[in-house]
2 protein chains.
Amino acid sequence: MAWDTEGTRRRLKEAATVEFAEHGPDGTTMARIAERAGINKERLYKYFGDKQALFETVLTDELKKLAETLGPPPGDFENIGEFVGRNFDYHVAHPHLVRLLLWEGLAGGPVADEAQRSAFYQDKTRAYAAAQRAGILDDDLDPDHLAFMVIGLSAWWVSTPQLARMLTGADDDDATEHARRRASVVRAVQRLARPPGADRAR
Amino acid sequence: MAWDTEGTRRRLKEAATVEFAEHGPDGTTMARIAERAGINKERLYKYFGDKQALFETVLTDELKKLAETLGPPPGDFENIGEFVGRNFDYHVAHPHLVRLLLWEGLAGGPVADEAQRSAFYQDKTRAYAAAQRAGILDDDLDPDHLAFMVIGLSAWWVSTPQLARMLTGADDDDATEHARRRASVVRAVQRLARPPGADRAR
DNA sequence: GAGAATTCCAACCGCAACGTTGTAGATGGG
DNA sequence: CCCATCTACAACGTTGCGGTTGGAATTCTC
């Protein structure tokens, strides 16, 4: 049988994503990743270097997936609510990414792929600023802060699930509660970003 | 010299707070806690049980400190913006608590002191609901979700410092940026919670 | 003031984790 | 067809962790 190096690489990375998202950098063991992938542990070191490098690879990969799934931010921000709603859906369906981000922030180590990501966020900020100048978004908040808070609003539910549970009294996989949360996020973003008077459709 | 059991207990707990907040449950070692406190490791087990119990003790303690420092939520929510601003200041000055909360949520294990905390949050939700009925807060969002998002807005900056840095381009200990962030949080909460037309003081 | 009880500590135990090494099989150019 | 090269793996070495134990020093109790 021919080698399937790309396949083993992919399987290792998928296993690493699950393990890292679940247990974090410190709680994850290289042996468990290899075991989950059904591949020998040593391959991890050959392909990805050490644990830290593997974590960074996994994180940048998941960020890319999000960007590809959601597509570029809508040219106009008229419908920012729905855009963030889709963002929220994504985070609830794949909590991997938010969890990886939180662990990255908590660890305080090097930031994976910092240059690319900074550039991405600066683009985003510029887009927000343009929409504010066009009057589509309110300019009450500075564009970078607005962008940051919008991310927060859609990611916060996944970030502190225990608070969410204690406050709402609902389980994480409750479908009707999910819909209620989504609606709240959409409405909150509209209140935050849209000029007063817009989105009056109650 | 007389025994100072309460003192050693306190020193151990303080050291544990720092270590747990910094490195998380998995990244923290009992030996390092003891070393930081200058006390023998075995005392930790005598006083606090095992690692998990120590973590829960530390977390509930920090939650109590926040509640005592900020005092009860203001009877009326007219000034919810400033209240949340003080909350934000606290989290920036003592990031311990938010970090512990994030780690608790990520670990997914048992929630420390769940009964008390649930009761606390339900009280909070009731207070929000009352303010909504009184017309002080807008009832656009359900009170539990509003409470949850308000917490998120003031804690999100500490939760993903690397995103904050990449978006704002500012260091975490930049004083003018702190003021700017605080103002954004206050304004955002007002937009989120207050009826349209209130807080028009630009 | 003697002995029970408690505080404190150094040393230890079992175990699991990271990362490496030595080797068996597969591949491909000359 | 041969040998350098690459993939893959089992087993290992070392380190460091959570938790325990035996005993010395100190305080309390009667």
Side-chain angles (χ1 to χ4, degrees), chain A residues 1-59 99-100 103-104 106-110 112, chain B residues 1-61 99-100 103-104 106-110 112:
Chain A
M1 163 178 55
W3 297 123
D4 180 17
T5 74
E6 208 43 54
T8 57
R9 234 190 104 94
R10 203 201 57 237
R11 278 156 65 199
L12 283 174
K13 199 157 63 183
E14 284 172 3
T17 306
V18 176
E19 290 288 330
F20 274 132
E22 188 70 18
H23 304 110
D26 284 322
T28 297
T29 77
M30 299 295 266
R32 279 180 60 104
I33 295 175
E35 195 180 350
R36 171 182 289 269
I39 312 269
N40 190 271
K41 186 175 60 156
E42 181 263 0
R43 291 289 87 196
L44 285 171
Y45 293 93
K46 199 74 164 185
Y47 286 148
F48 302 101
D50 62 0
K51 202 189 198 184
Q52 172 68 25
L54 176 56
F55 180 80
E56 296 183 18
T57 303
V58 162
L59 176 50
R99 294 174 62 92
L100 291 170
W103 260 308
E104 181 190 49
L106 286 168
Chain B
M1 166 176 50
W3 297 124
D4 180 15
T5 75
E6 208 44 53
T8 55
R9 235 191 104 93
R10 203 201 57 237
R11 278 157 63 201
L12 284 174
K13 200 157 63 182
E14 284 172 3
T17 305
V18 175
E19 290 288 330
F20 274 133
E22 188 71 18
H23 307 287
D26 284 322
T28 297
T29 76
M30 299 295 266
R32 280 179 59 106
I33 296 175
E35 196 179 349
R36 172 182 286 270
I39 311 267
N40 189 273
K41 184 175 61 153
E42 179 264 2
R43 290 289 87 195
L44 285 170
Y45 292 93
K46 198 74 164 185
Y47 286 147
F48 301 101
D50 61 2
K51 201 191 199 183
Q52 171 67 24
L54 176 56
F55 181 80
E56 295 184 18
T57 304
V58 162
L59 176 52
T60 38
D61 231 60
R99 294 173 63 92
L100 292 169
W103 259 308
E104 182 190 47
L106 285 168

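Since this is a predicted model, take the numbers as computed values, not measurements. So that the names make sense, note that chain A is the first sequence line, chain B the second, and so on, each numbered from 1.
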Checklist entry - Between the side chain of A:Glu19 and the main-chain N/O of A:Arg32, is any donor-acceptor distance below 3.5 Å? => result no
[X] [atom1] to [N] [atom2]: how many Å, rounded?
X       : N      : atom1 : atom2 : result
A:Arg9  : D:dT7  : CZ    : P     : 11 Å
B:Phe55 : D:dG18 : CZ    : P     : 14 Å
A:Lys51 : C:dA16 : NZ    : C1'   : 12 Å
B:Tyr45 : C:dC9  : OH    : P     : 16 Å
B:Ile33 : D:dG19 : CD1   : P     : 11 Å
A:Lys46 : D:dC6  : NZ    : C1'   : 8 Å
B:Phe48 : C:dC8  : CZ    : P     : 12 Å
B:Gln52 : D:dC17 : CD    : C1'   : 16 Å

Supply the atom-to-atom distance [X] [atom1] to [Y] [atom2], rounded to the nearest 0.5 angstrom.
X       : Y        : atom1 : atom2 : value
B:His23 : A:Leu106 : NE2   : CG    : 12.0 Å
A:Asn40 : A:Thr8   : CG    : OG1   : 11.5 Å
A:Leu12 : A:Arg43  : CG    : CZ    : 9.0 Å
B:Thr17 : B:Arg36  : OG1   : CZ    : 10.5 Å

Item to check | For the student: nearest non-hydrogen atoms of A:Glu22 and A:Trp103, plus distance | outcome: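 Taking every non-hydrogen atom into account, O-CH2, 3.3 Å.
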Checklist entry - Does a nitrogen or oxygen in the side chain of B:Tyr47 sit under 4.0 Å from OP1 or OP2 of C:dC8? => result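 For B:Tyr47, the contact criterion (side-chain N or O under 4.0 Å from OP1 or OP2 of C:dC8) is met.
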Let me have the donor-acceptor pairs involving side chains of residues 49-57 of chain A, under 3.5 Å, with sequence neighbours excluded, atom names and distances please.
{"residue": "A:Asp50", "atom": "OD1", "partner": "A:Ala53", "partner atom": "N", "Å": "3.1"}
{"residue": "A:Lys51", "atom": "NZ", "partner": "A:Pro25", "partner atom": "O", "Å": "2.8"}
{"residue": "A:Lys51", "atom": "NZ", "partner": "A:Thr28", "partner atom": "O", "Å": "2.7"}
{"residue": "A:Gln52", "atom": "NE2", "partner": "A:Glu56", "partner atom": "OE2", "Å": "2.7"}
{"residue": "A:Thr57", "atom": "OG1", "partner": "A:Ala53", "partner atom": "O", "Å": "2.9"}

Close N/O contacts between protein and nucleotides 9-13 of chain D (under 3.5 Å):
{"residue": "D:dC9", "atom": "OP2", "partner": "A:Asn40", "partner atom": "N", "Å": "3.3"}
{"residue": "D:dC9", "atom": "N4", "partner": "A:Glu42", "partner atom": "OE1", "Å": "3.4"}
{"residue": "D:dA10", "atom": "N7", "partner": "A:Asn40", "partner atom": "ND2", "Å": "3.1"}

Checklist entry - Which angle, rounded to 10°, do you find between the first-five-pair axis and the last-five-pair axis of the helix from C:dG1-D:dC30 to C:dG30-D:dC1? => result 0°
Checklist entry - Out of D:dC17, C:dT20, D:dT20, which has the shortest distance to the side chain of B:Thr29? => result D:dC17
Item to check | B:Arg9 CZ: over 12 foreign heavy atoms closer than 6.0 Å | outcome: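 Yes, CZ of B:Arg9 has more than 12 neighbouring heavy atoms, counting only those of other groups under 6.0 Å.
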Checklist entry - With a 4.5 Å heavy-atom cut-off, do A:Lys13 and A:Tyr47 have their side chains touching? => result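 Not touching, per the 4.5 Å side-chain cut-off.
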